[in-house]
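Everything on this sheet refers to the single structure shown next.
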Amino acid sequence: MINVLIFGAPGSGKGTQSARIAQTFGLEHISTGDILRKEIADQTSLGILAQDYIKEGHLVPDEDVVAMLEHHLEGKLGKVKGFIFDGFPRTIPQADALKRMLARHDCEVSIVLDLNVPEDELIRRLLERGKISGRSDDNLEAIKSRLVVYNNQTFPLKEYFRKEGTLTPINGLGEMDDIFASISEAIDSVL
Ligand code: ADP
């Protein structure tokens with residue numbers, strides 16, 4: 001199995017690029033943000049628990065997100081060509097949990113893409129998206145909180161994967177096609 005992780009701050013374009021990666025490489029796209037928004041729309045117990053965290057720009061607790069992911073991977077691990085994990089892991093405990101889940105099926109993380117975009121550009125993109133996205137967290141207050149959470153909780157994961165030799169920096173500025181070309185080249189190199 002090929003398991004691709006994509007890191008990037010909110011607004012870095014990881015959702016858009018992940019959808020293209022899934023299509024081009026035949027991988028299953030797992031976006032924890034999308035799954036959580038669906039849970040909220042359906043007002044499930046997880047959705048009701050998650051909605052305030054999301055609105056405030058905070059992370060949903062690890063144990064809830066890990067259980068949700070386990071449920072989504074169940075029956076698929078080892079059977080599909082691979083996954084693109086978009087928005088997971090976001091904390092060290094989530095990364096440990098993912099590694100354990102993959103290891104149980106003799107799988108591992110193949111590559112970690114690190115999509116880099118300067119903070120002023122992230123804020124500009126998110127505010128622009130907020131005009132049409134209807135997302136509860138695309139407003140300046142929640143955006144600032146999401147960036148703080150990213151820098152404090154998710155940024156340290158880069159070192160974690162750098163040590164494992166899987167971290168691959170990608171310039172997230174410029175044309176979407178050019179960014180995707182760099183990503184494709186990086187994934188091709190581990191196929
Ligand atoms: P973005 O990266 O632009 O913030 P996402 O759709 O990936 O967008 O995530 C939106 C929100 O969903 C996050 O701010 C967080 O509240 C919640 N979320 C998504 N993935 C996770 C995760 N792995 N752990 C905890 N919370 C998560």
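Whatever order the structure lists them in is the order used to number ligands and atoms, beginning at 1.
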Please tabulate, for the side chains in residues 123-131, all donor-acceptor contacts under 3.5 angstrom to protein atoms that are two or more places apart in sequence or on a different chain.
unit_1, atom_1, unit_2, atom_2, d
R124, NE, E121, OE1, 3.1
R124, NH2, E121, OE2, 3.2
R125, NE, E121, OE2, 2.9
R125, NH1, G11, O, 2.9
R125, NH1, S12, O, 3.4
R125, NH2, G172, O, 3.1
E128, OE1, K131, NZ, 3.3
R129, NE, D138, OD2, 2.9
R129, NH2, D138, OD1, 3.1
R129, NH2, D138, OD2, 3.4

Under 3.5 Å donor-acceptor pairs involving side-chain atoms of residues 100-112, not counting sequence neighbours:
unit_1, atom_1, unit_2, atom_2, d
R104, NH2, E70, OE2, 3.4
S110, OG, N3, N, 2.8
S110, OG, N3, O, 3.4

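For K38, the NZ atom sits in a loose shell: 12 or fewer heavy atoms of surrounding residues, nucleotides or ligands are nearer than 6.0 Å. Atom CD of E159 sits in a crowded spot, with more than 12 heavy atoms from other residues, nucleotides or ligands closer than 6.0 Å.
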Check ligand 1 for N or O atoms under 3.5 Å from a protein N or O and list each pair with its distance.
unit_1, atom_1, unit_2, atom_2, d
ligand 1, 2 (O), K14, NZ, 2.4
ligand 1, 3 (O), R146, NH2, 2.8
ligand 1, 4 (O), R146, NE, 3.2
ligand 1, 4 (O), R146, NH2, 3.2
ligand 1, 6 (O), R37, NH1, 2.9
ligand 1, 6 (O), R37, NH2, 2.9
ligand 1, 7 (O), R90, NH2, 2.4
ligand 1, 8 (O), R135, NH2, 3.2
ligand 1, 9 (O), R90, NH2, 3.1
ligand 1, 16 (O), H58, O, 2.6
ligand 1, 20 (N), T32, OG1, 2.8
ligand 1, 20 (N), G87, O, 3.4
ligand 1, 20 (N), R90, NE, 3.3
ligand 1, 23 (N), G87, O, 2.9
ligand 1, 23 (N), Q94, OE1, 3.0
ligand 1, 24 (N), Q94, NE2, 2.9
ligand 1, 26 (N), V60, N, 3.1

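Comment: E164 engages K99 in a salt bridge, judged by a side-chain N to carboxylate O separation of less than 4.0 angstrom.
Judged as a ring pair (Phe, Tyr, Trp, His ring centres under 6.0 Å), not a single pair has a partner in residues 18-63 (not counting sequence neighbours).
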